[in-house]
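All values reported here derive from a predicted model rather than from experimental measurement. Convention: sequence-line order gives letters A, B, ...; per-chain numbering from 1.
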Protein chains: 2
Amino acid sequence: MATIYDVAKAAKVSPKTVSRVLNGDAPVGKKTRAAVTAAIAALGYVPSSAARMMRSNKSGLIGLITGAISDQIEPAQPAGLPELLLVRGIQQTIGLTGKTLMIADSGNRSERVPELIKTFLEHRVEGLIYVAPYHQNVRLPPVPDDTPVVLTNCYDDAGTPAVIPDDRRGQHDLVSRLIAAGHQRIAYLTLREDIVATGLRRGGYRDALGEAGIAYDPALLQCGEIGSPETETQVLWTAIDRMLNLDQPPTVFCCGNDRQALKVYGILRSRGLAVPDDISVAGYDNYRVIAETLYPPLTTVELPYTAMGVRAAQRLLDLISGESRNDTGPDVIGGPVYWRQSVTERRPPNVSQLKLVRED
Amino acid sequence: MATIYDVAKAAKVSPKTVSRVLNGDAPVGKKTRAAVTAAIAALGYVPSSAARMMRSNKSGLIGLITGAISDQIEPAQPAGLPELLLVRGIQQTIGLTGKTLMIADSGNRSERVPELIKTFLEHRVEGLIYVAPYHQNVRLPPVPDDTPVVLTNCYDDAGTPAVIPDDRRGQHDLVSRLIAAGHQRIAYLTLREDIVATGLRRGGYRDALGEAGIAYDPALLQCGEIGSPETETQVLWTAIDRMLNLDQPPTVFCCGNDRQALKVYGILRSRGLAVPDDISVAGYDNYRVIAETLYPPLTTVELPYTAMGVRAAQRLLDLISGESRNDTGPDVIGGPVYWRQSVTERRPPNVSQLKLVRED
DNA sequence: CCGGTTTGTGACACCGATGTCATGACACCG
DNA sequence: CGGTGTCATGACATCGGTGTCACAAACCGG
């Protein structure tokens, strides 16, 4: 690969003059500039970022650690792909600044994270973003104080800057909207008990019921992810069966995510029930491949991954430029309800009270 | 950030000795090694890859260009995410060699590719992988001869090393398996006419019919992606309606991909038909979030993205080590049929003739 | 006990950029 | 016309590692 010396020799100038042409940091004579430009093109010269970095001590690199790409822990649950939207938001924001994003993949194996961080530090990244596959509490290995870190879709107990989804408000807004549509008996099939989102969303569900003066009925609440993935359909079938046989059966099933809603569609139809004419269904995530493709399209709440990615990148850039401090804890990001045809509208809602609801 | 000189001073040795401890390329006394190790830990020293790279001229970096992460062209068709599996396969293979993968995102805007390549060249990547969002013919901007390139999920007219899916064989194997299960009237709803896969798969469909002595009936073939995404459901509805009203209606619908199959499930059920008891459905891609979650689970063909990623990385590594030449054109990778409950089995198949079929 | 090999260590140059400083050629000003 | 400032350019040192070479000490077989 040609160096700046080769270019200098070819253009019959000093290396420093070539450098000036490249960086425009000092005036260069017109003819000289033309000769240098020609030599660069002729030799196919590309400056070495390594050499440049040594001198300037600025790498222009941002490190991103994710498990999104090679999720090996739960290969049977490839629902982790939407978290790629987080990476998209980060990428878009970082790209605008001219910095380069280095993405490393942990395969969701936490023991590999320290070596990834070391690789990033060797490249002298200006900041680090850690992206978790789902909303959770994490503990990151130590990172030097002068390298800012932002957690995304996760948080820690040390108050590290973080960006997380507003699970409580999301479920609250959805249930409020269902109530506004005339639903009173709202069943809720939750995700696994051990994840952070489940507790928060159940809180939002109960808050919304309370605000509307509807009594909370434990018979309408059940975890839909008990046991192994293989038994999931059976668990859902049994839960749905039980609820439909209640004295006052539900008029709508809220599901833990859109994937679960897809399963519920199949189960309800196998029982001869039409969606939404006989029974309504709502999801969570706005996982569009499912929510928009399902027939009829699915009412759901957006898990605002792209917006979270943008915010995470912005926070990191602020930290790098010294505009903000690094102990301000999590930023909570909400997403809108997407109202589609999987839920019946029994009574016109007062839309003005529900600014976050979008009608497709 | 501490340098090797700081460590040398703290350990009271020369910088070169610290270098020897780090790289183990020459014997170091026991006590000296201990002192150096202690100094490294105390100072939190991490070697600078930039400085190392300057001397050795080896970056240990592989560049990957993809549009997978921020696909902005067709935001209504977020089906591009599975191509992330390609990245996963590449990542896994590259990771084993100790090299670092740099991922850059084009947002599927081809005009941004040259600048991404330039950034990679500045970092002196040892090789480049270009990943396309779907099987297609591409033309990449020029890259210096000494930087090997592998195309993935695409190919060019210059004979650049490439890895592409075996669309013809995939569709052929699926249809052969359907015939073995007793199906004779096999409808095929294809993807858009202008994509490479459509032509190849239609060829595979006709080949399989021909081999079984079944006459090809144009009435059973229709493009399911005419017009805009909004009208897609209507197009499918009309096509299905027409085919079901034929004198000899199909017993199975082959869909262009699993997403389309998901739509077809909804349409068939809205017509009161049960899958698979009244009518069978098959997809393409083995997009697991859909294929495994659908009720009943979907018979489909794997688009072998992970395997393609692994192969692409291997080809690149071979090129870098000089073990293979860079004009050997495309590698075609096939994937197995996944046989699930969405298709009826009218006659026990002769499985021994169909090695590529997997039963879940 | 001596020549030869191995072990352990340091001095120094070099990789390819760029910051600093010096220098020569003009132009402008009073 | 001498002094001052701007323009255009080059010499040289420097960033943080590592390859080369030199050299002293330890070891080893005969």
Side-chain angles (χ1 to χ4, degrees), chain A residues 1-37 39-40 43-61 100 118-126 144 146, chain B residues 1-37 39-40 43-61 100 118-126 144 146:
Chain A
M1 178 73 59
T3 74
I4 202 169
Y5 295 91
D6 302 324
V7 175
K9 197 178 297 178
K12 295 181 186 167
V13 297
S14 75
K16 180 65 207 187
T17 299
V18 178
S19 171
R20 283 192 264 256
V21 171
L22 287 168
N23 299 293
D25 53 355
V28 176
K30 212 174 173 184
K31 290 183 68 173
T32 314
R33 158 168 277 112
V36 170
T37 309
I40 287 175
L43 295 171
Y45 166 72
V46 179
S48 155
S49 67
R52 184 174 284 161
M53 188 193 313
M54 275 199 67
R55 203 66 242 275
S56 67
N57 248 337
K58 291 210 162 186
S59 66
L61 294 172
T100 304
K118 185 167 179 243
T119 302
F120 280 151
L121 291 177
E122 287 182 354
H123 285 91
R124 301 289 189 264
V125 294
E126 298 174 8
D146 54 356
Chain B
M1 180 73 62
T3 75
I4 204 171
Y5 295 92
D6 301 325
V7 175
K9 196 179 297 179
K12 295 180 187 167
V13 297
S14 75
K16 179 65 207 187
T17 298
V18 178
S19 171
R20 282 192 264 256
V21 171
L22 287 169
N23 299 293
D25 53 356
V28 176
K30 214 174 173 187
K31 289 182 71 174
T32 315
R33 160 169 274 114
V36 170
T37 309
I40 288 174
L43 295 170
Y45 167 71
V46 179
S48 156
S49 67
R52 181 175 289 159
M53 188 194 313
M54 277 198 66
R55 198 66 176 75
S56 67
N57 244 340
K58 292 210 160 185
S59 66
L61 294 173
T100 304
K118 186 169 178 241
T119 302
F120 280 151
L121 290 177
E122 287 181 355
H123 284 92
R124 300 289 189 266
V125 293
E126 297 173 9
D146 54 358

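- Which of C:dA17, D:dC15, D:dG17 sits closest to the side chain of B:A51 comes down to D:dG17.
- Closest approach of B:A26 and B:R20 over heavy atoms only: CB-CD, 3.4 Å.
- Shown for residues 5-17 of chain A: residues whose heavy atoms fall under 4.0 angstrom of DNA chain D, namely A:V13, A:S14, A:K16, A:T17.
- Stem regions for DNA chain C, each three or more consecutive Watson-Crick or G-U pairs with both distances under 3.5 Å and listed by first number, read C:1-30 with D:1-30.
- Heavy atoms only, all atoms of each residue included: B:V125 and B:S59 are closest at CA-OG, 3.8 Å.
- Summarising the geometry, the separation between CG on B:L22 and P on D:dG17 is reported as 8 Å, rounded to the nearest angstrom.
- Taking both residues in full, the closest heavy atoms of B:V7 and B:V36 are given as CG1-O, 4.3 Å, listed atom of the first, atom of the second, then distance.
- Residue contacts shown for B:T32 are limited to sugar-phosphate atoms, with no base heavy atom under 4.0 Å away.
- The interatomic distance linking B:H123 (NE2) with C:dA17 (C1') rounds to 14 Å, in whole Å.
- As rounded to whole Å, 17 Å separates atom P of C:dA13 from atom CE of B:M54.
- Taking the side chain as every heavy atom from C-beta outward, B:H123 and A:L61 approach each other to under 4.5 Å.
- Pairing each heavy atom of B:M53 with each of B:K58, the nearest pair is CG-O, 3.6 Å.
- Here the C1' atom of nucleotide D:dG17 and the NZ atom of B:K58 are 17 Å apart, to the nearest Å.
- Note: CE (A:M1) to C1' (C:dG16) measures 13 Å, nearest angstrom.
- Between A:N23 atom CG and C:dG19 atom C1' the separation is 11 Å, expressed in whole Å.
- Of the candidates D:dG16, C:dT7, C:dG16, the closest approach to any side-chain atom of A:N57 belongs to D:dG16.
- Here A:S56 lies out of heavy-atom contact (under 4.0 Å) with every strand.
- Remark: P of C:dT9 and NZ of B:K31 are 11 Å apart, rounded to the nearest angstrom.
- Taking the side chain of B:R52 as heavy atoms from C-beta on, and the options D:dG16, C:dT18, D:dG17, the nearest nucleotide is D:dG17.
- In this structure, B:R124 and B:G29 both approach DNA chain C, and ranking their closest nucleotides by distance from the 5' end singles out B:G29.
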Quiz item: Run the side-chain contact (heavy atoms from CB on, under 4.5 Å) check on B:V46 and A:R124 step by step: do they pass?
Solution: CA-CA 9 Å; B:V46 179; A:R124 301 289 189 264; 4.1 Å; yes

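- Formation of a donor-acceptor pair under 3.5 Å by the A:E126 side chain with backbone atoms of A:G60 is found in this model.
- Proximity note for B:P27 (side chain, C-beta onward) versus C:dT7, D:dG17, C:dG16: the nearest is C:dT7.
- Judged by distance alone with a 3.5 Å cut-off, no donor-acceptor contact links the side chain of A:R20 to the base of C:dG19.
- The distance from atom CD of A:E122 to atom C1' of D:dG17 is 12 Å, rounded to the nearest whole Å.
- Comparing B:D25 and B:A50 against DNA chain D, the residue whose closest nucleotide sits nearer the 5' end is B:A50.
- A donor-acceptor contact under 3.5 Å links the side chain of A:R55 to the base of D:dT14.
- The two residues B:Y45 and B:L22 come nearest to each other via the heavy atoms CE2-CD1, 3.7 Å.
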Exercise. Let me see the working for B:N23 and B:R52 under side-chain contact (heavy atoms from CB on, under 4.5 Å), right down to the final yes or no.
Key: CA-CA 11 Å; B:N23 299 293; B:R52 181 175 289 159; 4.2 Å; yes

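- Considering only heavy atoms from C-beta on, A:L121 stays 4.5 Å or farther from A:K118 through its side chain.
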